[in-house]
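Input: a single structure, listed below in structure tokens.
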Amino acid sequence: MTNARVFIKDLLETLGVTVRQTKPEGKVELPLITYAEITNINIELWHDRFSYQFDVYANTFEEVVDLIHKVDDAVTALGFNRDYVSPDTQARVDTDLYHKAASYTADINTLTGNIYQNHTTINNQEEEENG
């Protein structure tokens, strides 16, 4: 079973906002990104598929949209495929609280640790491009 939680947290912390592994409770500092593993299944002996949900909370609509785009850029650059993003019409939660959610899936070779996208390893693609 692949454990990507630490890797995901380190990636999200590069965005410069508070990151938590679970849904926020009580008083929180905004902006905030939370993440949770949705699935982690073994497809074959050497192949795991896992999915993560990311929730972004902010004080303004513009801020929450900007932050969800930053999450998307970072996560898709790793080779994750976006499965879902919540609609803008549901972003306003309260007077000064906005929320957007997105989920992503990735396949990983458990022997090498490489993430696969369209049956090509991301690491091998970079090596070929850099020659």
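Here Glu29 pairs with Thr18 under the side-chain contact (heavy atoms from CB on, under 4.5 Å) rule; sequence neighbours left out. For Phe61, the side-chain contact (heavy atoms from CB on, under 4.5 Å) partners two or more places apart in sequence, or in a different chain, are Val64, Val65, Asp88, Ala91, Tyr98. Not a single side chain to side chain donor-acceptor pair (under 3.5 Å) links Asn59 to another residue, sequence neighbours left out. Under the rule for a side chain to side chain donor-acceptor pair (under 3.5 Å), the partners of Tyr104 that lie at least two apart in sequence or sit in another chain are Asp72. Under the ring pair (Phe, Tyr, Trp, His ring centres under 6.0 Å) criterion, Tyr57 pairs with His99, not counting sequence neighbours. Among residues two or more places apart in sequence or in another chain, the side chain to side chain donor-acceptor pair (under 3.5 Å) test is passed with Ser51 by Thr39, Thr105.
Contact of the Leu67 side chain with the Ile33 side chain is registered, since non-hydrogen atoms from C-beta on lie closer than 4.5 Å. Contact of the Lys9 side chain with the Gln21 side chain is not registered, since no non-hydrogen atoms from C-beta on lie closer than 4.5 Å. The side-chain heavy atoms of Leu32 and Val17, taken from C-beta on, include no pair separated by under 4.5 Å. Residues Asp48 and Asn40 meet the side-chain proximity criterion, which asks for heavy atoms closer than 4.5 Å.
Between Ser103 and Ile38, the closest heavy-atom pair is CB-CD1, 4.0 Å.
Side chains of Glu44 and Asn42: no donor on one and acceptor on the other come within 3.5 Å.
Ile41 and Tyr52 are assigned to two separate hydrophobic clusters, defined by single-linkage of ILVMFWY side chains at heavy-atom distances under 4.5 Å. Note on Val19 and Leu97: separate hydrophobic clusters, where clusters join Ile, Leu, Val, Met, Phe, Trp and Tyr whose side-chain heavy atoms are under 4.5 Å apart, directly or indirectly.
Residue-environment remark: CG (Leu45) stays at or below the threshold of 12 foreign heavy atoms within 6.0 Å. Other residues, nucleotides and ligands contribute more than 12 heavy atoms inside 6.0 Å of the OH atom of Tyr84.
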Exercise. Going through the checks in order, is the side-chain contact (heavy atoms from CB on, under 4.5 Å) test met by Val71 and Val56?
Worked result: CA-CA 9 Å; Val71 168; Val56 176; 4.1 Å; yes
For this session: Could you give me the CA-CA distance, side-chain angles and deciding distance for Arg20 and Val28, then say whether side-chain contact (heavy atoms from CB on, under 4.5 Å) is met?
Result: CA-CA 10 Å; Arg20 290 194 183 163; Val28 296; 3.5 Å; yes
For this session: Test side-chain contact (heavy atoms from CB on, under 4.5 Å) on Thr22 and Tyr35 and set out the steps.
Result: CA-CA 6 Å; Thr22 59; Tyr35 64 99; over 6 Å; no
Problem set entry | Test log, rule ring pair (Phe, Tyr, Trp, His ring centres under 6.0 Å), inputs Phe80 and Phe50 | CA-CA 9 Å; Phe80 281 77; Phe50 53 99; 5.6 Å; yes
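Of the inter-residue distances, the one linking Lys70 atom NZ with Leu15 atom CG reads 7.0 Å to the nearest 0.5 angstrom.
Looking only at distances, a side-chain donor or acceptor of Lys100 sits under 3.5 Å from a matching main-chain atom of Ser86.
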